[in-house]
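The analysis underlying the following values was restricted to heavy atoms, covering all of them including side chains, and did not include hydrogens, waters or symmetry mates.
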Amino acid sequence: MGSLLTVLLCLVAAYTIIVPSVNDAHTKRSVERAETVIAPKVFILSMFGSERDIWADIPEFDLYAQNVTVPGFSPLFPDAHCTKDGSICELVTGEAEINAAATMMSLLHSPMFDLRQTYFLIAGVAGASPKLATTGSVTFARFAVQVTLQYEIDGREIPSNLPTGYFPQGVKPPDLFVFPPVLYGTEVFEVNDNLRQLAYEFAKTATLNDTVAAQTYRANYGNVSEFAPGASPPSVVLCDTATSDTFWSGTLLAEAFENTTTLFTNGTGVYCSAQQEDNATLEVLVRGAISGLVDFSRVIIMRTVSNFDRPFSGQTAVESRFANHGGFASALLNIHLAGVKVIQGILNEWESVFEDGVRPDNYIGDVFGSLGGQPSFGPGSIFNDQQALTARSLRKRGVNIGQ
């Protein structure tokens, strides 16, 4: 018994000696990071590996001069990649909304970066409506709409008097097509349209990639007049984006989410692209802006088109979902070809235009009005036109928000 007690006492003494040294080392590393903070002018946000890889070995800049491991990033994509001077960085969020939110929150709270003047370029592929875009096209969105944040009825059980199985949360038949009376705050985001227009003009100077496979497939859309854009060569388009974790396909769903986009943006938004991450990314950036970590007026949503969201005449929705639309390769290449024009435009005009920010003339932020001002959609600000307060501001006002 005495020997066991002696051993335990020795272990406790050793732990007492070792633990402070480990904590001291951790503190030292944190201090070292704080002394070498990277302040990117542009941060590229990719969603999966192929979108990241398109930036490797490009002639314009070396995005892999620095590889920075960031705690909290996806275990599949643990590093941010930056140029030597740190002016351009890139990360991979991982696919779908949960991964995007987790990675972005880890970025914003990392001591390795100062993001207060950073422009965020969401740069990924998406599906799109042939009414507005074609495979290989580059789209820039003003609105991002979380289209599946609604009530849903399985298509096999939709009553004959309802045109869709989706309708806003909080509504009851027969008044189905009203703005959601129940809001989570992530339903709609609006970004800086003046910045979007500048990005659009930069991107239009790019020569976009196209393939024979894409041309052959898109020709199937040429016999329907409203699908003329889908049958045309790729171009740069101003239109809005829909977020859903589900890969959906088919005319009925496409039309339902067109209507959702129109409804949720009070008739201003024009749906054309569909992807899995943007509303999650934007929610984190709004929260970061409230905390003073980022500037939400510096967000660009760029999505290139890899496939169509609905079939051509004579094709079924299932056939469309699993067909080779021929656009994936061009969509990836055009992320770089168009995106690099945007990045170069920002860097080349940094001091004259972008350093101090591009002033928005439209509302920017979420449906709650969390960044101040009145949303151009929905029931109006819940914060009386003021920015939502941080915990520190609330405490200064004597508001008890817990420990």
Engineer: Please step through side-chain hydrogen bond (donor to acceptor under 3.5 Å, both in side chains) for the pair Gln117 and Asp295, ending with a clear verdict.
Structural biologist: CA-CA 7 Å; Gln117 287 189 295; Asp295 180 352; over 6 Å; no

Engineer: Show the numbers, then the answer: is there a side-chain hydrogen bond (donor to acceptor under 3.5 Å, both in side chains) between Ser273 and Arg303?
Structural biologist: CA-CA 7 Å; Ser273 74; Arg303 288 284 181 166; over 6 Å; no

Engineer: Once the angle between the rings of Tyr221 and Phe308 is folded into 0 to 90°, is it parallel (under 30°), tilted (30 to 60°) or perpendicular (over 60°)?
Structural biologist: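 Judged by the thresholds at 30° and 60°, the geometry between Tyr221 and Phe308 is tilted.
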
Engineer: Pair Thr260, Gln150 - check side chain to side chain contact (heavy atoms under 4.5 Å, CB included), show working.
Structural biologist: CA-CA 9 Å; Thr260 297; Gln150 302 189 74; 3.1 Å; yes

Engineer: Aromatic contact between Phe43 and Phe113, with the criterion being ring centroids under 6.0 Å apart: yes or no?
Structural biologist: yes

Engineer: Can you measure from CG (Leu91) to OG (Ser74) and round to the nearest 0.5 angstrom?
Structural biologist: 10.5 Å

Engineer: Parallel, tilted or perpendicular: which describes the rings of Phe143 and Phe377, with under 30° parallel and over 60° perpendicular?
Structural biologist: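 If you compare the ring of Phe143 with that of Phe377, the planes turn out perpendicular.
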
Engineer: Have Asn194 and Asp361 got a donor and an acceptor in their side chains that come within less than 3.5 Å?
Structural biologist: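 Present: a donor and an acceptor within the cut-off.
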
Engineer: Taking it one step at a time, do Gln275 and Thr243 satisfy side-chain hydrogen bond (donor to acceptor under 3.5 Å, both in side chains)?
Structural biologist: CA-CA 5 Å; Gln275 38 66 40; Thr243 300; 2.8 Å; yes

Engineer: Go through Glu51 and Leu332 one step at a time and tell me if the side chain to side chain contact (heavy atoms under 4.5 Å, CB included) criterion holds.
Structural biologist: CA-CA 6 Å; Glu51 292 173 348; Leu332 288 175; 4.1 Å; yes

Engineer: Is a donor on one side and an acceptor on the other found under 3.5 Å between the side chain of Asn192 and the backbone of Ser297?
Structural biologist: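 Looks like yes, one N/O pair under 3.5 Å.
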
Engineer: Passes side-chain hydrogen bond (donor to acceptor under 3.5 Å, both in side chains), Ser330 versus Asp210? Steps please.
Structural biologist: CA-CA 6 Å; Ser330 291; Asp210 197 9; 4.5 Å; no

Engineer: Can you say whether the rings of Tyr271 and Trp248 are parallel (under 30°), tilted (30 to 60°) or perpendicular (over 60°)?
Structural biologist: tilted

Engineer: Look at the aromatic rings of Phe179 and Phe264 and report parallel, tilted or perpendicular, splitting at 30° and 60°.
Structural biologist: tilted

Engineer: As a test of understanding, state which of Glu97, Glu283, Gln146 forms a side chain to side chain donor-acceptor pair (under 3.5 Å) with Thr186.
Structural biologist: Gln146

Engineer: Rounded to the nearest 0.5 Å, how far does CD1 of Ile335 lie from CZ of Arg52?
Structural biologist: 12.5 Å

